[in-house]
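Read the structure below first, then the notes.
Computation of the quantities below employed the complete heavy-atom set of this structure, encompassing side-chain atoms and omitting hydrogens, waters and symmetry-equivalent molecules. Letters A, B, ... are given to chains in the order of the sequence lines, protein chains preceding strands, and every chain is numbered from 1. None of the values given here were measured: they were computed from a predicted structure.
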There are 2 protein chains.
Amino acid sequence: MKPISLKLLARELNLSVSTVSRALNDRDDIAQETKDRARKLATKLKYEPNPYASSLRSNKSKTIGIVIPEIDNHFFSLAINGIEEIARANDYHVLISLTHEEYQQEKSIIQLLAGGRVDGLLLSMASTSQNSDHLAVLEERKVPVVFFDRVCEDLATARVTTDDYESGYRATTHLLEAGCRKIAHLAISGALSISRRRLQGYADALRDAAIAYDQALVLTLDQDDAQATDRIRQLLAERRDIDGVFAAVEALAMHTYAACRQLELTIPEDVKVIGFSNLETAPLLKPALTTITQPAYQIGKQAAQLLFKAINDNVLLTMNHSLELKSELHIRMSTYSGE
Amino acid sequence: MKPISLKLLARELNLSVSTVSRALNDRDDIAQETKDRARKLATKLKYEPNPYASSLRSNKSKTIGIVIPEIDNHFFSLAINGIEEIARANDYHVLISLTHEEYQQEKSIIQLLAGGRVDGLLLSMASTSQNSDHLAVLEERKVPVVFFDRVCEDLATARVTTDDYESGYRATTHLLEAGCRKIAHLAISGALSISRRRLQGYADALRDAAIAYDQALVLTLDQDDAQATDRIRQLLAERRDIDGVFAAVEALAMHTYAACRQLELTIPEDVKVIGFSNLETAPLLKPALTTITQPAYQIGKQAAQLLFKAINDNVLLTMNHSLELKSELHIRMSTYSGE
DNA sequence: TTGTACGCGTTATCAG
DNA sequence: CTGATAACGCGTACAA
């Protein structure tokens with residue numbers, strides 16, 4: 001069956017295409033009776049305006065894009081949840097693209113989306129994106145962009161982040177207060193803004209506690225999962241003096257658990273562990289994981305709301321629109337120090 | 001800055017619009033030199049064809065839709081991962097919509113997408129969708145559809161599912177072999193195909209073990225999370241004879257853990273627990289959770305591949321294209337019965 | 001209050 | 001080999 005077009009409705013109603021168009025768009029220069037007739041038939045035939053014809057005319061795609069490194073990660077799925085809610089409230093669709101942490105993918109995706117396919121973009125950078133040349137096209141084409149979590153500092157647009165520096169500081173301090181003296185720091189990609197902030201918080205907390213910063217305890221793991229566990233195990237095996245681990249991303253906390261299990265190290269007795277994480281199973285782990293939890297859903301919502309300010313109200317987004325939300329420290333068994 | 005159009009390129013190159021179009025599309029009736037000139041300028045100006053104009057012409061959106069109940073769920077995020085991979089390989093975009101398990105949402109989303117916005121649809125039904133009237137429009141408009149996991153039996157199209165009946169049977173048998181005699185079955189929405197199949201497997205396993213089916217042990221929890229834990233706790237408190245729990249969806253296993261904790265019931269000594277789950281933290285839980293794990297990533301991939309068979313090769317999808325993949329039983333501590 | 005005419009950017013067809 | 005023209009479906013001046 002052919003798609004229902006305005007032309008078809010018009011013929012059926014003995015009206016012109018433009019009259020039907022205006023009737024369905026509830027314009028005030030159309031008789032009420034005509035509107036009713038048109039609407040009734042449209043509903044009956046399940047007419048949906050061809051979105052591409054509308055877009056072509058209006059230069060609006062009614063679609064926003066989300067570009068993220070991965071989706072198999074609670075932080076991002078929660079954020080998407082928030083974004084999708086706001087998008088739907090604004091009558092918008094959501095296009096999702098995954099970069100799999102690869103610069104090249106990110107580049108080609110953005111080039112593609114910048115061609116007018118989306119009215120705005122929510123972006124969280126890949127860990128391997130060292131520069132921002134590939135984002136220039138977004139500025140040129142004036143595509144509104146909001147970064148969330150993994151921001152790009154080169155682009156002067158709105159960002160929604162969390163208090164990464166403070167969280168890193170707090171996490172480290174918590175380990176120190178639990179008695180740790182040799183704290184390992186695990187991160188992905190030193191280039192990422194969040195990584196640098198969290199690491200800086202870690203370093204400063206050590207300094208304020210008069211503990212030497214030991215480069216050998218700072219691991220950057222940008223390789224795949226299997227290797228991550230291995231390298232953590234290796235570190236823990238070589239440096240038996242490590243008594244605390246600060247995992248700056250969710251997956252690394254889990255790899256630490258796995259590595260400890262392999263080495264038969266007990267958490268929290270032998271090693272205490274804290275991790276950035278949105279896992280809802282954190283309290284049910286063995287032992288329950290102490291976490292820094294980001295308000296992922298809120299991040300998504302707020303980022304989307306900013307984006308729609310740009311899209312609907314034509315506001316030019318600047319760094320002044322940026323928001324910093326607070327993460328929460330949830331203290332659990334994995335950092336317990338006895339009474 | 002204005003978007004770059006063919007018209008613009010044509011003017012710059014002193015060629016006609018249609019020549020440039022064909023040059024960029026590498027048609028064989030265009031001189032090599034012309035092609036080179038056109039391509040060079042296009043690259044220089046970062047020309048991207050307007051996707052909506054192309055779609056309008058070709059009736060192809062280069063976009064597929066995913067409609068799922070929720071995204072904050074490992075099964076679905078893994079499936080999306082698989083889908084996205086295939087979509088990208090086919091040069092397609094992915095539109096995501098969440099129904100939040102609500103029939104009305106599902107209905108309006110599908111009505112919207114059926115209007116030509118997508119070339120095909122991957123669908124996993126909401127738990128509250130009792131009928132399939134809202135899917136009729138997809139058949140009328142001839143939008144290719146592949147169901148995955150939560151299928152709709154009324155629509156004669158391809159489905160990618162897992163061996164739900166066998167898995168339900170196997171999970172229950174596993175509990176029986178571990179010594180359980182009073183096994184609770186937790187599910188969402190009795191209407192869902194997967195729920196019915198898993199429950200049937202449970203019932204048949206009991207029958208084959210000559211154990212009476214007790215309606216009071218079968219809980220259907222379609223309300224929100226907070227209430228789910230409460231109701232499970234209530235059941236476990238009232239029926240202290242329950243010695244096994246079979247959670248037919250991931251979240252319910254976690255609620256069972258929470259309920260047991262509140263009642264100070266020990267797993268697996270007091271109650272053994274098995275659950276359908278794609279949680280990668282299952283082995284790290286306290287105790288490690290025995291799971292039936294669905295090949296979510298593969299489900300997504302295969303479903304998408306079927307869809308592209310319809311889209312690219314113009315194959316009419318029928319139930320004969322359906323696939324049933326196998327889930328895996330991972331035995332862990334939560335069903336341990338001593339040596 | 002309704003109809004006519006045009007253009008959005010692209011591509012297929014046909015003419016040259 | 002290249003150019004002109006028409007058409008996809010919709011929305012909007014402008015005319016009636």
C/dT2 phosphate, OP1 or OP2, under 4.0 Å from A/T34 side-chain N/O:
yes

Spacing of A/K60 atom NZ relative to D/dG11 atom P, expressed in whole Å:
15 Å

Chi angles and distances behind the side chain to side chain contact (heavy atoms under 4.5 Å, CB included) call for A/F148, A/F76:
CA-CA 10 Å; A/F148 66 103; A/F76 287 115; 4.0 Å; yes

What's the CD1-P distance between B/I4 and C/dG9, to the nearest Å?
11 Å

Below 4.0 Å: OP1/OP2 of D/dC10 and any side-chain N or O of A/S54
no

At less than 4.0 Å, is any side-chain N or O atom of A/N25 found next to OP1 or OP2 of D/dG11? Yes or no.
yes

Does any N or O donor sit under 3.5 Å from an N or O acceptor when you compare the side chain of B/S16 with the base of D/dA4?
no

Protein-nucleotide distance (A/L6, atom CG; D/dT12, atom C1'), rounded to Å:
13 Å

What is the separation between atom CG on B/L24 and atom P on C/dT11, rounded to the nearest whole Å?
9 Å

Residue A/L15, side-chain atoms from C-beta onward, closest of C/dT10, D/dT12, C/dT2:
C/dT2

Any idea how A/Y52 and B/Y52 line up, ring-wise: parallel (<30°), tilted (30 to 60°), or perpendicular (>60°)?
parallel

For C/dT10 and B/K7 - does any side-chain N or O of the residue sit under 4.0 Å from the phosphate oxygens OP1/OP2?
no

Check: B/S21 main-chain N/O paired with B/N25 side-chain donor or acceptor under 3.5 Å:
yes

Grab the CG-C1' distance between B/N59 and C/dT10 for me, whole Å please.
13 Å

Does the side chain of B/Y52 get closer than 4.0 angstrom to OP1 or OP2 of C/dT11 through an N or O atom?
no

Nucleotide nearest B/D29 (side chain, heavy atoms from C-beta), chosen from C/dG9, D/dT2, C/dG3
D/dT2

Could you pick out which residue, A/R57 or B/I30, lies toward the 5' side of DNA chain D when each is mapped onto its nearest nucleotide?
B/I30

Expressed in angstrom and rounded to an integer, what is the separation of B/D28 atom CG from D/dT2 atom P?
13 Å

Any donor-acceptor pair under 3.5 Å joining the side chain of B/R22 to the base of D/dG3?
yes

Name the residue closer to the 5' end of DNA chain D, choosing between B/Q32 and B/L56 according to the nucleotide with the nearest heavy atom.
B/Q32

For atom CZ of A/R117 and atom P of C/dT10, their distance in whole Å:
13 Å

Taking the side chain as C-beta and beyond, is there a heavy-atom pair between A/V137 and A/V143 under 4.5 Å?
no

Rounded to whole Å, how long is the line connecting atom NZ of B/K62 with atom C1' of C/dT10?
15 Å

Quick one: does A/N90's side chain have a donor or acceptor within less than 3.5 Å of a partner on A/Y92's backbone?
no

Mind checking A/V17 for me? I need base, sugar-phosphate or nothing, with any heavy atom below 4.0 Å counting as a touch.
nothing

C/dT4 base / A/S18 side chain donor-acceptor hit below 3.5 Å:
yes

Non-hydrogen atoms of B/Y103 and B/T128 that approach each other most closely:
N-OG1, 3.0 Å

If only side-chain N and O atoms of B/T19 are considered, is one of them under 4.0 Å from the OP1 or OP2 phosphate oxygen of D/dG3?
yes

